[in-house]
4 protein chains.
Amino acid sequence: MSTSTGTAAAAPPRRAARPRADALRNRERLVTAAREMFVESGPQVPLDEIARRAGVGNATLYRNFPERADLVHEVVLSLMARVAERAREAAEQESDAFAAVRRFAHAAADERVGALCPMLDGDFDKEHPELRAERERLEEAVHGLVVRAQEAGRMRADVSVVDLMVALFQLTRPLPGTACSHMDRFVHRHLRLFLDGLEAPARSALPGAPATLEDLRREACGA
Amino acid sequence: MSTSTGTAAAAPPRRAARPRADALRNRERLVTAAREMFVESGPQVPLDEIARRAGVGNATLYRNFPERADLVHEVVLSLMARVAERAREAAEQESDAFAAVRRFAHAAADERVGALCPMLDGDFDKEHPELRAERERLEEAVHGLVVRAQEAGRMRADVSVVDLMVALFQLTRPLPGTACSHMDRFVHRHLRLFLDGLEAPARSALPGAPATLEDLRREACGA
Amino acid sequence: MSTSTGTAAAAPPRRAARPRADALRNRERLVTAAREMFVESGPQVPLDEIARRAGVGNATLYRNFPERADLVHEVVLSLMARVAERAREAAEQESDAFAAVRRFAHAAADERVGALCPMLDGDFDKEHPELRAERERLEEAVHGLVVRAQEAGRMRADVSVVDLMVALFQLTRPLPGTACSHMDRFVHRHLRLFLDGLEAPARSALPGAPATLEDLRREACGA
Amino acid sequence: MSTSTGTAAAAPPRRAARPRADALRNRERLVTAAREMFVESGPQVPLDEIARRAGVGNATLYRNFPERADLVHEVVLSLMARVAERAREAAEQESDAFAAVRRFAHAAADERVGALCPMLDGDFDKEHPELRAERERLEEAVHGLVVRAQEAGRMRADVSVVDLMVALFQLTRPLPGTACSHMDRFVHRHLRLFLDGLEAPARSALPGAPATLEDLRREACGA
DNA sequence: CATGAATGAGGGTTCATTCAT
DNA sequence: CATGAATGAACCCTCATTCAT
């Protein structure tokens, strides 16, 4: 993302927090390196490797992200933001409601959204306000796509936004040891098959699903 | 296991390998423990934990499986064998051709076939003859299901057995940190959606896919 | 100590816990090395150094003492036991009651009892039953010496066992960077001066002191 | 500090060093913060913590004290100066010669003179001229007290100034993990007992001791 | 052969010290 | 000059793998 409003509060225009000339650049390099390596090799890659790939010393990483979970947090946020952006783009640029869903799904795959799955492990604080907010932003964007398609009669009505997202995450999850470029073909094939299923009229009855990711979380914890 | 050791401590046939009484039992306990823990926590669980769960000393594990990859190898074989068995059962017990495909997919999910994905990582020798053989046996069984359904006009003709299997693996892959019992509901939902898509007539044109897992592999390596 | 009843329960004569041929030797080497290095350089010496000095790999140290505090615990126990032994010897071998106190104090200095002070820092569990028991054993032994000397009119009556022990710990505490052999002369000088003060009639009025180390601890925490 | 900077931002005398306004204030804040933290937690506290407590950036600390040893050096000097001052005060304000010794000892304890012990560790240059000079000033002041008391027949004649100072350092050394306020009571108890011993006639024969701290050092190094 | 113990290489983290603004 | 950030060496600890009983 190169637009300056990507994640959250843009830099305050005047003073307030002055000296951040290259420190900010390092932080961003670290997040980028981490995202790439998390996508390639999962979130348990050695932190030293990330630092090396970012071209900084390991302690710089620790200054910015005291715990590994902090780095994961940041990468998750940034990935979610990129994916939400794709959802908004899809809504804007496709007139056909289901075409927008398709476009979003394939764009999300290209962002490697599936890499989020293994990041949700471990000590990671899933209830952090920032994360919850980003999750809701993402969900809202996708929810818009789904509802529009369903109201237009272009998509099975018994499929919730949660179904779409979880399946999307799983189908695009990186297969370890497989060259990304090669997997792409498969991933897009499977998305197409899956989406074909969503477009067609229902062939089998589905029980109710959670309506939001929050509900899913609550169910999971409650059970 | 399909070998003829059903009668446990049968008399040693000739003289080659005498003590099989509990050595064999240990080996099997280890594979079972490993499969359970790999499914629960991924294939990088500490080996000592597996030995403890199996109730043997860690060195016993190493005697049977000198490297971690050997243990993974064995677990992969055993999982594949179980899944192939499910495919054969489905073929036998369902008269409707697509119902057999459905039955197989859901049964494979219950065997946690998705746990295979993270096991294919690392130093694991994917070309080992035993593995290749088991893979072919599995593929053959599933291939039968697919062809039958397609010839009966009950399934999209442009979907290969590889599509089915890779998507099945991905959709049933364990989500870390999620209670299994809870995920089950989702996994089966998504399978149903995906299978609905396979059952319906094609809505979008798919390019050609590899016909077998071997082809997939060859493509992947070649690229 | 080479007597086999030094610390606690001697090895069970027959079976019960069989295989401990050299593991026990390693454990003891570790405690010895740790005691020496703690005395020389304080309890925050690198654990790897201790392992090297003991002639074992570092992981062996961790197997026996999962946390650094466990090693400190053990060394404290062993030091206290040695010092208590000196107190008992002094009681036996000196007929004059105050001579016994003197003998004990100087013997305790030779055991480097002052090195205990910096070990009581940090995460160390001071309420562990074993430690409390050893503390009481030590205190009891010294208490005997003090009471006997006071009842014989050979020692100031307003001095408690706690006074003696804390002052003894402090006066014999290792001075960093000072060759031990050289310090010895000073330590023993100061002990003599201090003990002379205890033997002489009181020159100044002392307020009440805690009667036991437990009391001291309780006061310290309560305040 | 005894330099003539009492009037703070006085006009720079010649031209040599202009900016002393806040640079000097920073330096002093650092030494004060360091003294407090060294006394509380020993001389190995992280230097960043000291800078934070002093309210300056860490690099400012390094500008003033390029190595940790330089900071220790300065703190030792300042502590010794304060203690020497107490010795002079005691000589002035007590008419009884031994009362002056007592007053000094207890005042030194309140200055936490015992915290000097752990500062004498490590790379610290004990032969630096400034340090040597300050040591001699301190020793001279205490020497005056001791000699006066001994000549008045109020103190054992076989006790040297070195004995007094080393024992004083040790008895007042901070016990880690113990609330300072609580220790105070004990420290003063022990000082009283020790001083009682110095006041009383000798009960045991002491061999000769070094006459000055220099002698002690020389012996220590020579051995 | 089975076992518990030993090993050492490697990852995580802290902190003294140096650099760039 | 003052500052925050950067650096790398060192320490703690885990775990795959090997050894001795």
Side-chain angles (χ1 to χ4, degrees), chain A residues 17-27 30 44-51 54-68, chain B residues 17-23 26-27 44-52 55-69 71 123, chain C residues 17-27 30 44-52 54-68, chain D residues 17-23 26 44-52 55-69 71 123:
Chain A
R18 284 168 303 156
R20 278 157 150 176
D22 56 336
L24 214 67
R25 165 160 258 108
N26 273 343
R27 189 186 168 90
L30 282 166
Q44 72 278 27
V45 282
L47 293 183
D48 285 18
E49 301 272 311
I50 295 176
V56 304
N58 60 354
T60 299
L61 192 158
Y62 282 97
R63 166 179 284 276
N64 285 280
F65 306 98
E67 309 199 21
R68 169 186 226 101
Chain B
R18 264 192 308 156
R20 279 157 154 174
D22 56 340
N26 275 346
R27 190 184 168 90
Q44 73 277 30
V45 284
L47 293 184
D48 284 19
E49 304 267 312
I50 294 175
R52 181 161 346 121
V56 305
N58 62 352
T60 300
L61 190 160
Y62 278 93
R63 170 167 299 282
N64 286 279
F65 307 99
E67 308 195 22
R68 165 185 227 100
L71 183 55
D123 324 317
Chain C
R18 284 169 303 155
R20 278 157 150 175
D22 55 338
L24 216 66
R25 164 160 261 111
N26 274 343
R27 189 186 169 91
L30 281 166
Q44 72 277 32
V45 281
L47 294 183
D48 286 17
E49 301 272 311
I50 294 176
R52 179 158 349 118
V56 305
N58 60 355
T60 301
L61 191 157
Y62 283 97
R63 165 180 285 276
N64 284 280
F65 306 98
E67 309 198 20
R68 171 186 223 100
Chain D
R18 265 190 309 159
R20 279 159 152 173
D22 56 339
N26 274 347
Q44 72 277 29
V45 283
L47 293 185
D48 284 18
E49 304 267 313
I50 294 175
R52 181 164 342 125
V56 305
N58 63 353
T60 301
L61 191 159
Y62 278 94
R63 171 167 299 282
N64 285 280
F65 306 99
E67 308 194 24
R68 162 183 231 103
L71 184 55
D123 325 318

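First the proteins, then the strands, lettered A, B, ... as listed; each starts at 1.
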* If you measure from CG on B:Asn58 to OG1 on B:Thr60, what distance do you get to the nearest 0.5 Å? -> 8.0 Å
* To do: Examine E:dA5: is either OP1 or OP2 under 4.0 Å from a nitrogen or oxygen in the side chain of C:Thr60? Give yes or no.
  => no
* Asked: Which of the following nucleotides, F:dC12, E:dT18, F:dT7, is nearest to the side chain of C:Tyr62?
  -> F:dC12
* Structure fact -> Rounded to whole Å, the CG-C1' distance (B:Leu71 to F:dC15) equals 15 Å
* Asked: Which atom pair, heavy atoms only, marks the closest approach of A:Gln44 to A:Arg68?
  -> C-NH2, 3.0 Å
* Asked: Is A:Arg63 near enough to F:dA5 that one of its side-chain N or O atoms lies under 4.0 angstrom from OP1 or OP2?
  -> yes
* To do: Figure out the CG/C1' separation between C:Asn64 and F:dC13, and round it to whole Å.
  => 15 Å
* More 5' along DNA chain E: C:Gly57 or A:Pro66, using each one's nearest nucleotide? -> C:Gly57
* Asked: Is any side-chain nitrogen or oxygen of C:Asn26 closer than 4.0 Å to OP1 or OP2 of E:dA6?
  -> yes
* Partners passing side-chain contact (heavy atoms from CB on, under 4.5 Å) against C:Arg27 (at least two apart in sequence or in another chain) -> C:Asn64, C:Phe65, C:Glu74
* With sequence neighbours left out, what residues match B:Ala59 under side-chain contact (heavy atoms from CB on, under 4.5 Å)? -> none
* **Each stem that DNA chain E is part of, given as range with range (3 or more consecutive Watson-Crick or G-U pairs, under 3.5 Å)** => E:2-21 with F:2-21
* Which residues satisfy the side-chain contact (heavy atoms from CB on, under 4.5 Å) test with A:Arg63, sequence neighbours excluded? -> none
* Asked: Which pair of non-hydrogen atoms, one from A:Ala51 and one from A:Gly57, has the smallest distance, and what is that distance?
  -> CB-O, 3.9 Å
* To the nearest Å, how far apart are A:Leu30 CG and F:dA5 P? -> 13 Å
* Interatomic distance where CZ belongs to B:Arg52 and C1' belongs to E:dA2 [whole Å] -> 17 Å
Please enumerate all protein N or O atoms sitting under 3.5 Å from an N or O of nucleotides 9-11 of chain F, with distances to 0.1 Å.
none

* Which residue, A:Gly55 or C:Glu67, contacts DNA chain F at a nucleotide closer to its 5' end, judged by nearest heavy atom? -> A:Gly55
* By side-chain contact (heavy atoms from CB on, under 4.5 Å) - contacts of A:Glu67 (at least two apart) -> A:Asp70
* **Heavy-atom closest pair, residues C:Leu61 and C:Leu47** => CD1-O, 3.5 Å
* Atom CG of A:Leu61 and atom P of F:dG8: how far apart are they, to the nearest Å? -> 14 Å
* Rounded distance (Å) that lies between atom C1' of F:dC13 and atom CD1 of C:Ile50 -> 14 Å
